[in-house]
Number of protein chains: 2
Amino acid sequence: MTSAGNANAPAFRPLYLQMKETLTQRLAAGEWLPGALLPSETALAREYGVSQGTIRKALDAMAAERLVVRHQGRGTEVARHTTERSLFQFWHLYGSDGRRQLPTSRVLECRRGRARSAEAETLNLERGAPVVRIFRLRYLGNRPTLLEWITVSAERFPGLERFGQQLPNAVYELYQREYRVTVQRASEELRAVAADADDARHLGIEKGAPLLEIRRTAIDLENQPVEMRVSRCDTAHHHYLNELV
Amino acid sequence: MTSAGNANAPAFRPLYLQMKETLTQRLAAGEWLPGALLPSETALAREYGVSQGTIRKALDAMAAERLVVRHQGRGTEVARHTTERSLFQFWHLYGSDGRRQLPTSRVLECRRGRARSAEAETLNLERGAPVVRIFRLRYLGNRPTLLEWITVSAERFPGLERFGQQLPNAVYELYQREYRVTVQRASEELRAVAADADDARHLGIEKGAPLLEIRRTAIDLENQPVEMRVSRCDTAHHHYLNELV
DNA sequence: GAGTGGTCTAGACCACAAT
DNA sequence: TTGTGGTCTAGACCACTCC
């Protein structure tokens with residue numbers, strides 16, 4: 001399929017959306033690795049027999065979804081999970097002064113297990129399927145602020161448990177580098193809960209104190225869930241910021 | 001300023017961004033009322049002496065910010081505050097089944113007062129300036145779920161207090177219809193707090209129970225704060241959903 | 001200097017809404 | 001049928017990066 005001028009697919013959709021889909025598939029298939037440059041607009045236009053403007057609309061749409069990053073004069077790059085991206089897309093906790101702080105982490109547990117029903121449902125696994133669980137205590141400015149439980153499929157992330165204390169702060173960079181898994185987006189459910197005895201001990205607060213519980217499901221390039229994450233945050237000195245635009 | 005070909009402004013910015021700015025100013029000034037149709041792309045292009053494509057990029061950018069809504073075959077319409085918009089942009093509470101429910105409301109208080117320091121700071125007012133405060137209890141499916149305190153400037157919203165029990169559920173529609181104030185975006189700070197005695201009484205829960213507190217600042221078309229809103233939600237049967245894209 | 005994406009233009013045709 | 005925005009094309013020039 002080189003010419004898309006009159007596609008053979010059952011396509012009533014605009015050409016640029018078809019091109020976006022095609023390019024996204026090639027990207028998700030790993031043809032271009034994170035950080036690499038895609039072929040130029042003119043090269044892609046030649047390859048598919050469409051105009052440069054059509055490729056441009058497709059790439060602009062992909063850039064809007066953070067699949068690629070466009071650089072004038074340099075080219076179009078496959079999006080990487082940098083610390084900045086983690087910060088801007090996935091980190092919403094701010095200090096009382098309104099400044100964003102990145103956490104440091106202490107891994108309390110990191111081992112294999114079998115998927116419980118909630119994990120299986122969230123991650124699209126069979127119940128009892130092998131998983132890796134990470135349990136971390138995270139500090140903001142030396143203050144223990146956040147307890148975090150992460151669950152991923154052990155088939156998708158073989159040997160993840162071996163990282164143990166060496167797990168980096170930003171695990172999405174690790175997912176991408178070691179496992180070719182790119183977290184594209186996520187959804188978070190927020191609730192207020194009461195600290196149980198363990199929460200209280202780890203966070204140095206009273207049992208029953210209010211905590212902000214965040215349940216995140218992270219989604220990869222193929223729109224499949226890849227990580228389930230539950231966080232419990234002490235919001236005495238921090239808050240979760242959400243911009244409604 | 002009819003020809004923008006070689007602008008006299010200290011402008012190194014792209015033409016389409018200058019056009020977007022100009023059109024946004026005309027819109028914010030009230031030249032086109034909510035629901036009205038803007039002049040067509042060709043008419044605007046003629047008026048400013050630029051190509052239709054440039055106007056198109058400006059309007060597309062405005063549509064991305066929800067300032068206007070584009071309809072093929074009909075024209076470009078100034079965005080209105082409909083119930084759908086309130087729902088999709090400003091309402092983030094979902095039931096445990098994942099369904100979005102709109103609240104019903106009971107106004108507990110609606111009267112004038114003088115800005116306290118937090119209100120004055122948030123709303124860019126002098127401390128002690130006249131304000132209107134609304135205090136509502138909101139129900140989701142017959143269950144009292146949410147206490148809400150709203151503060152706005154009494155100068156900007158003269159006579160708002162007279163609505164009392166007749167306040168509609170979606171006050172942003174009222175702001176736009178009665179006061180020509182369009183809420184374009186907002187930011188929300190979320191924290192977990194413990195219910196005080198009043199919270200507990202109104203929501204039918206235990207004192208000290210965890211509540212999700214949402215502090216919202218609403219921003220108008222001119223990027224000025226127009227409303228401060230604090231909500232305390234019982235998240236036993238609901239949660240706040242945030243999509244990280 | 002060569003190559004890239006960003007902007008701007010101009011024109012053709014299509015899909016859709018209103019009449 | 002008329003006019004609107006949506007798509008697609010083609011070409012020119014600009015700003016920027018890299019060699």
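In what follows, every chain begins at residue 1, and chains take the letters A, B, ... in the order their sequences are listed.
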TODO: Can you tell me the distance, in whole Å, between the CG atom of A/Leu15 and the P atom of D/dG6?
DONE: 17 Å
Task: Any A/Arg56 side-chain N or O less than 4.0 Å from OP1/OP2 of C/dG6 - done: yes
TODO: Go through D/dC8, C/dT9, D/dT4 for me and flag the one nearest to the A/Pro14 side chain.
DONE: D/dC8
TODO: Take the protein atom CG of A/Leu17 and the nucleotide atom C1' of D/dC8, then report the distance between them rounded to whole Å.
DONE: 13 Å
Task: Side-chain-base donor-acceptor pair under 3.5 Å for A/Arg74 and C/dG5 - done: no
Task: A/Arg70 CZ to D/dT17 P, straight-line distance once rounded to whole Å - done: 15 Å
Task: Rounded distance (Å) that lies between atom P of D/dT2 and atom CG of B/Leu37 - done: 21 Å
- [ ] Please round to 10 degrees the angle between the axis of the first five pairs and the axis of the last five pairs in the helix from C/dG1-D/dC18 to C/dA18-D/dT1.
- [x] 10°
Task: Given DNA chain D, 5'-ward residue of the pair B/Ser40 and A/His71, judged by closest heavy atom - done: B/Ser40
Task: A/Leu33 CG to A/Arg80 CZ distance, which is reported to the nearest 0.5 Å - done: 12.0 Å
Open item on the list: What's the closest nucleotide to the side chain of A/Val50 if the choices are D/dT4, D/dT9, C/dG6?
Closed with: D/dT9
- [ ] Could you point out which residue of B/Leu37, B/Thr76, B/Val68, B/Leu38 forms a side chain to side chain contact (heavy atoms under 4.5 Å, CB included) with B/Trp32?
- [x] B/Leu38
- [ ] Measure from CE on A/Met19 to C1' on D/dT7 and round the result to the nearest Å.
- [x] 15 Å
Open item on the list: Taking the six-membered ring of A/Phe88 as reference, does the cationic atom of A/Arg100 (NZ for Lys, CZ for Arg) lie under 6.0 Å from its centre and within 45° of its axis?
Closed with: yes
- [ ] Tell me which nucleotide among C/dC8, D/dT4, C/dG5 gets nearest to the side chain of A/Gln72.
- [x] C/dG5
Task: B/Thr76 side chain near D/dG5 phosphate (N/O to OP1/OP2, under 4.0 Å) - done: yes
TODO: Would you check if there is a donor-acceptor pair between the side chains of A/Glu227 and A/Tyr172 at a distance under 3.5 Å?
DONE: yes
Open item on the list: Taking 4.0 Å as the cut-off, does a side-chain nitrogen or oxygen of A/Lys57 come that near to OP1 or OP2 on D/dT7?
Closed with: yes
- [ ] Identify, with sequence neighbours excluded, every residue that meets side chain to side chain donor-acceptor pair (under 3.5 Å) alongside B/Thr217.
- [x] none
- [ ] Figure out the CG/P separation between B/Leu38 and D/dT4, and round it to whole Å.
- [x] 13 Å
Task: Donor-acceptor contact present, side-chain A/Thr54 to main-chain A/Val50, <3.5 Å - done: no
Task: Pairs meeting criterion side chain to side chain donor-acceptor pair (under 3.5 Å) with involvement of residues 152-167 of chain B, two or more places apart - done: B/Arg156-B/Asp220
Task: Separation of atom CZ in A/Arg13 from atom P in D/dT7, rounded to whole Å - done: 11 Å
Open item on the list: Taking 4.0 Å as the cut-off, does a side-chain nitrogen or oxygen of A/Thr42 come that near to OP1 or OP2 on C/dG3?
Closed with: no
Open item on the list: So if I take every side-chain heavy atom of B/Tyr16 and compare against C/dT9, D/dT9, C/dT7, which nucleotide ends up nearest?
Closed with: C/dT7
Task: Under 4.0 angstrom between A/Thr54 side-chain N/O and D/dT7 OP1 or OP2 - done: no
Open item on the list: With no hydrogens and no angle check, just 3.5 Å: does a side-chain donor-acceptor pair link A/Gln176 and A/Thr182?
Closed with: yes
Open item on the list: Whole angstroms only, please: what is the CD-C1' distance between A/Gln18 and D/dT7?
Closed with: 12 Å
